[in-house]
Amino acid sequence: MPVKIYNTLTRKKEELKPIEPGHIKLYVCGITSYDYCHIGHARSALAFDMIVRYLRYLGNKVTYIRNFTDIDDKIIARAAEQNTSTEELANRFIDEFYVDMDKLGVDRPTMEPKATEHIQEMVDLIGDLIDKNMAYPSGGDVYYSVNSFSEYGKLSGRNLEDMQAGARISVNENKSNPMDFVLWKASKPGEPSWDSPWGPGRPGWHIECSAMSRKYLGTTFDIHGGGQDLIFPHHENELAQSEGANAKPFVNMWIHHGFVTIRDEKMSKSLGNFLTIRDILDHYHPEVLRFFIFSTQYRNPLDFSEAAMQDAMAGLDRLYECVAAVERLSANYSENTETVAGNKDKAKIGSMEKRFQKAMDNDFNTAQAQGILFETVKVMNKILRQLPDTPAEEDYKLLQDAAATLKKLAAIMGLLQENAANYLAAKKAAMLARINISEEEIVELIKQRNQARTDKDWARSDEIRDNLLDQGIELKDGPEGTKWSVKRS
RNA sequence: GGCGGCGUAGCCAAGCGGCUAAGGCACUGGUCUGCAAAACCAUGAUUCAGCGGUUCAAAUCCGCUCGCCGCCUCCA
């Protein structure tokens with residue numbers, strides 16, 4: 001089954017056909033490094049992490065490039081505020097970025113080039129554009145001439161007339177057309193600068209991606225990705241630069257993911273309604289954030305709320321509890337016991353991986369893929385419930401296989417990566433830490449309650465249970481005795 | 001104003017021309033239990049924002065209306 005991807009350029013879902021069969025070349029716009037990353041950055045990193053993992057799961061080689069923008073206006077401004085150099089500031093937040101990414105379990109891309117380490121490549125590319133009369137130096141700057149590229153606007157579906165009619169563009173006397181954008185900026189005194197044929201300066205934002213993708217992936221590559229807010233102007237301009245300079249198609253497919261919103265508004269620094277990744281990880285397990293982010297398809301907006309995170313946690317727990325239950329089964333199965341799994345159950349479990357793939361093939365539909373995991377869990381729980389003490393060999397193996405497949409598929413979304421028993425135990429411990437009662441006390445109270453139960457002193461028994469419940473401890477009486485868990489708040 | 005997207009049960013979310021409209025969370029009833037909890041089973045949209053149209057057949061395609069969001073300025 002081919003993978004179908006929604007291509008921003010054509011506004012259609014298209015089959016992914018790598019230029020080099022079995023080898024997919026992907027470039028993603030990474031962060032501008034001047035502050036801690038927020039959940040929106042997490043969504044971007046996680047979405048492409050999932051895409052890369054899935055493509056590799058299918059057997060492809062994936063070359064994944066994600067850049068760091070480590071020089072730009074915001075970095076210069078922030079460094080000045082903090083009385084430090086742009087280099088120190090950028091590197092500091094690159095380190096912080098890795099702290100977050102490692103906690104989230106994001107795999108490192110194949111290569112992570114920095115803009116400042118590719119100045120020569122950018123200067124060369126700008127030179128190519130000037131040679132072709134597609135760019136012009138002016139007052140120490142160099143500008144791209146949008147009129148020189150007849151297809152300008154094809155990615156974002158705009159045309160020059162409409163944009164100029166909307167005119168929210170600041171007037172700049174160096175430009176011959178107000179829509180022209182800067183490739184090289186003359187540096188002001190005190191700003192970081194590099195030598196160039198047009199005098200000391202620094203690169204414009206868009207040129208770095210054109211230069212670095214050309215260096216590492218070639219003039220035409222398979223997929224370019226980023227957030228929807230990058231479609232215009234960033235990706236439109238990249239495309240104009242690259243196709244202008246190389247006279248070849250830049251990218252076959254453009255993938256743009258949706259935003260994280262809060263109360264249905266885009267999370268952004270200017271609105272001040274953003275939450276950093278570490279804010280979230282202070283309160284939730286990284287996989288809860290992953291589960292939440294993958295609970296909708298990557299192109300749709302995703303509204304953050306505490307309630308949504310609680311839902312995500314409940315869902316993730318359900319998956320872990322099922323896996324833990326299977327792993328708790330002892331291997332003393334028998335060949336003589338009758339099986340409890342029906343044909344429908346076996347079919348449902350047996351088809352899980354195919355159905356999961358079908359969902360993922362359809363533009364990485366993780367929401368549907370999660371649904372398929374849950375359908376399987378439902379069947380597994382049903383079998384587990386009916387299982388006798390000495391289960392049939394067939395049932396035992398069916399469940400073990402199902403749990404293994406479940407973990408394998410969940411891993412594409414970075415879920416179920418921990419040992420299930422450990423995950424649940426750690427969670428219990430973490431929740432217990434927030435409550436003023438020790439494990440020993442709980443065990444002692446359960447002992448007392450069980451004595452009361454033996455004596456049929458239900459009043460005393462219920463009193464103990466209710467008191468524990470008030471403190472957030474839930475008791476569950478089962479055939480193997482009383483178990484307890486910390487209640488979800 | 002230009003361009004793009006969205007509107008499916010209490011909430012979240014799949015489905016993108018044709019089997020009973022996935023799944024999660026919450027709720028309710030049942031099994032279990034001394035009573036609970038957990039787990040399991042069952043139940044919920046005659047209907048997919050509204051109105052028209054195309055079709056043997058539409059949540060799915062087309063048009064219009066209403067509502068929400070995003071881009072057009074740095075932004076994942």
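Order of the sequence lines fixes the chain letters, A, B, ..., with proteins taken first and strands second; residue numbering starts at 1 for each chain.
The cationic group of A:Arg108 lies under 6.0 Å from the six-membered ring centre of A:Tyr98 and within 45° of the ring axis, placing it in a cation-pi geometry. A:Tyr36 does not carry A:Arg278 over the face of its six-membered ring by the limits of under 6.0 Å from the centre and within 45° of the normal. Both the sub-6.0 Å distance and the 45° axial angle are not jointly satisfied by A:Arg66 relative to the ring of A:Phe48.
Checking A:Tyr320 against A:Glu287 by side-chain atom types alone, a donor-acceptor pair falls below 3.5 Å. Side-chain atoms of A:Asn237 and A:Gln241 include no donor-acceptor pair closer than 3.5 Å. Residues A:Glu265 and A:Asn273 have side chains that never bring a donor and an acceptor to within less than 3.5 angstrom of each other. Between the side chains of A:Glu444 and A:Gln448, at least one donor N or O lies within less than 3.5 Å of an accepting N or O. For the residue pair A:Thr69 / A:Glu208, a side-chain donor-acceptor distance below 3.5 Å is found, with atom types taken as modelled.
For A:Glu375, the listed nucleotide lying nearest its side chain is B:G23; candidates were B:C71, B:A14, B:G23. When each of B:A76, B:A14, B:G23 is scored by its nearest atom to the side-chain atoms of A:Thr32, the top-ranked nucleotide is B:A76. Nearest nucleotide to the side chain of A:Asp229, out of B:C71, B:G5, B:C41: B:C71. Of the candidate nucleotides B:C11, B:G34, B:C71, B:C11 has the atom lying nearest to any side-chain atom of A:Asp311.
When the nearest nucleotides of RNA chain B are assigned to A:Arg11 and A:Arg449 by heavy-atom distance, the more 5′-ward of the two goes with A:Arg11. Where A:Lys13 and A:Ser461 meet RNA chain B, the nucleotide closest to each residue was compared, and A:Lys13 sits on the side nearer the 5' end.
For A:Asp107, the salt bridge (charged side-chain N to carboxylate O under 4.0 Å, His left out) partners are A:Arg53, not counting sequence neighbours.
Look at A:Asn159 and you won't find any side-chain N or O under 4.0 angstrom from OP1 or OP2 of B:G2. One finds a side-chain N or O of A:Arg318 lying less than 4.0 angstrom from the OP1 or OP2 phosphate oxygen of B:G24. Dashed line: the shortest gap from a side-chain N or O of A:Thr8 to OP1 or OP2 of B:G4 is not under 4.0 Å. Distances shown here put a side-chain N or O of A:Asn381 below 4.0 Å from the OP1 or OP2 atom of B:C40. Dashed line: the shortest gap from a side-chain N or O of A:Lys476 to OP1 or OP2 of B:U33 is not under 4.0 Å.
Heavy atoms of A:Gln228 sit nowhere under 4.0 angstrom from any nucleic acid atom. Residue A:Gly227 is classed as a sugar-phosphate contact, given heavy-atom separations below 4.0 Å to backbone atoms only. Note on A:Ile231: nothing from the nucleic acid sits closer than 4.0 angstrom, heavy atoms only. Nucleic acid contact for A:Asn300: sugar-phosphate only, since backbone atoms but no base atoms lie under 4.0 Å from a heavy atom of the residue. A:Gln297 comes within 4.0 angstrom of sugar-phosphate atoms only, judged by non-hydrogen atoms across all strands, and of no base. Within the 4.0 angstrom heavy-atom criterion, only backbone atoms of the sugar-phosphate kind lie near A:Leu230; the bases stay farther away. As judged by a 4.0 angstrom heavy-atom cut-off over every strand, A:Phe232 is placed among residues touching the sugar-phosphate backbone only. Across all strands, A:His38 comes closer than 4.0 Å to base atoms (heavy-atom distances). Across all strands shown, A:Lys456 has no heavy atoms under 4.0 Å from either base or sugar-phosphate atoms. Among the heavy atoms of the strands, none lies under 4.0 Å from A:His234.
For A:Asp477 and B:C35, a side-chain-to-base donor-acceptor distance below 3.5 Å is present, hydrogens and geometry of angles not being considered. Between the side chain of A:Arg43 and the base of B:A76, no donor-acceptor pair under 3.5 Å is found. A donor and an acceptor atom never sit less than 3.5 Å apart when one is taken from the side chain of A:Arg158 and the other from the base of B:G1. Interface remark: the A:Arg385 side chain does not form any donor-acceptor pair with the B:C41 base, using a distance-only criterion of under 3.5 Å. Residue A:Asp462 places a side-chain atom within donor-acceptor reach of the base of B:G34, judged by atom type and a 3.5 Å distance cut-off alone.
To the nearest angstrom, C1' of B:A13 lies 11 Å from CD of A:Gln368. Atom pair A:Leu424:CG and B:A38:C1' shows a separation of 13 Å (rounding to whole Å applied).
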Reading RNA chain B 5' to 3', what string of ( ), [ ], | and . shows its pairs, if Watson-Crick and G-U wobble pairs count only when both distances fall under 3.5 Å?
((((((((.[[[..)..(....]]]..((((.......))))......[[[[[..)....]]]]])))))))....
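Looking at A:Arg465 and A:Asp462, a side-chain N of the basic residue comes within less than 4.0 Å of a carboxylate O on the acidic one, giving a salt bridge.
Using a distance-only test at 3.5 Å, with no hydrogens or angles considered, a donor-acceptor pair links the side chain of A:Gln297 to the main chain of A:Arg299.
Once rounded to the nearest 0.5 Å, the distance linking CG of A:Leu230 with SG of A:Cys209 reads 8.5 Å.
When the C1' atom is compared between B:A59 and B:U8, the two are found 7 Å apart, to the nearest whole Å. Atom P of B:G10 sits at a distance of 14 Å from the matching atom of B:C48, rounded to the whole Å. Taking the C1' atoms as reference points, B:G15 lies 29 Å from B:A39, given to the whole Å.
By the 5.5 angstrom centroid cut-off and the 30-degree plane limit, A:Phe374 is classified as not stacked against the base of B:G24.
Within a heavy-atom distance below 4.0 Å of RNA chain B, the residues of residues 65-82 of chain A found are A:Lys74.
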